[in-house]
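The model shown is predicted, which means the values in this text are computed figures rather than measured ones.
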Amino acid sequence: MGNEISRNNKKGIFAGVNPIMATGSSFLIILFVIYTTLAPEHASGVYSASKNYIATNLAWYYVGLMSIFLFISIYLVFSRYGSIKLGKPDVKGATK
């Protein structure tokens, strides 16, 4: 289904993207901009409270998640999967 959507959108504003995802994300961005523009004091308080909550209560989660990604990346580089070429077959680049 996803490939059918991409193949059908080769022209216009949704060229090469999923129109549902593009419309949804654009809508959310516009809502954030309107909210911040119309109520800057309230938005500042909400954004500050959200940032403080994340920094206070979820810092351990962020550090743990980044550590896991780092270890997985290091494992992949030094495993047999480290020599897999990413990209098109005819593109020249650094290989092992």
Side-chain angles (χ1 to χ4, degrees):
M1 183 174 148
N3 291 336
E4 294 170 10
I5 292 172
S6 296
R7 280 189 225 125
N8 294 335
N9 294 316
K10 295 189 180 191
K11 295 181 182 177
I13 193 168
F14 295 118
V17 298
N18 185 328
I20 296 170
M21 293 298 293
T23 304
S25 60
S26 299
F27 181 70
L28 285 175
I29 291 169
I30 290 170
L31 280 179
F32 274 104
V33 169
I34 290 172
Y35 170 62
T36 305
T37 304
L38 294 179
E41 305 296 328
H42 188 262
S44 176
V46 170
Y47 297 154
S48 293
S50 300
K51 182 187 79 165
N52 289 335
Y53 175 79
I54 291 169
T56 304
N57 298 320
L58 299 177
W60 63 270
Y61 179 73
Y62 176 77
V63 171
L65 197 60
M66 292 305 111
S67 298
I68 290 170
F69 284 138
L70 176 67
F71 292 134
I72 290 172
S73 299
I74 290 172
Y75 167 75
L76 289 174
V77 167
F78 292 109
S79 72
R80 64 183 178 139
Y81 301 109
S83 62
I84 293 176
K85 185 174 183 178
L86 301 176
K88 296 181 180 179
D90 58 337
V91 175
K92 293 183 180 179
T95 58
K96 286 187 176 179

Throw together a table of side-chain donor-acceptor distances under 3.5 angstrom for residues 23-33, partners on residues two or more places apart or in other chains.
{"from": "Thr23", "atom 1": "OG1", "to": "Pro19", "atom 2": "O", "distance (Å)": "2.7"}
{"from": "Ser25", "atom 1": "OG", "to": "Met21", "atom 2": "O", "distance (Å)": "2.9"}
{"from": "Ser25", "atom 1": "OG", "to": "Ala22", "atom 2": "O", "distance (Å)": "3.2"}
{"from": "Ser26", "atom 1": "OG", "to": "Ala22", "atom 2": "O", "distance (Å)": "2.7"}

Quiz: residues 41-50 side-chain donor-acceptor pairs under 3.5 angstrom, not counting sequence neighbours:
{"from": "His42", "atom 1": "ND1", "to": "Tyr35", "atom 2": "OH", "distance (Å)": "2.6"}
{"from": "Tyr47", "atom 1": "OH", "to": "Thr36", "atom 2": "OG1", "distance (Å)": "2.9"}
{"from": "Ser48", "atom 1": "OG", "to": "Ser44", "atom 2": "O", "distance (Å)": "2.9"}
{"from": "Ser50", "atom 1": "OG", "to": "Val46", "atom 2": "O", "distance (Å)": "2.9"}

Quiz: residues 54-74 side-chain donor-acceptor pairs under 3.5 angstrom, not counting sequence neighbours:
{"from": "Thr56", "atom 1": "OG1", "to": "Asn52", "atom 2": "O", "distance (Å)": "2.7"}
{"from": "Trp60", "atom 1": "NE1", "to": "Asn57", "atom 2": "O", "distance (Å)": "2.8"}
{"from": "Ser67", "atom 1": "OG", "to": "Val63", "atom 2": "O", "distance (Å)": "2.9"}
{"from": "Ser73", "atom 1": "OG", "to": "Phe69", "atom 2": "O", "distance (Å)": "2.8"}

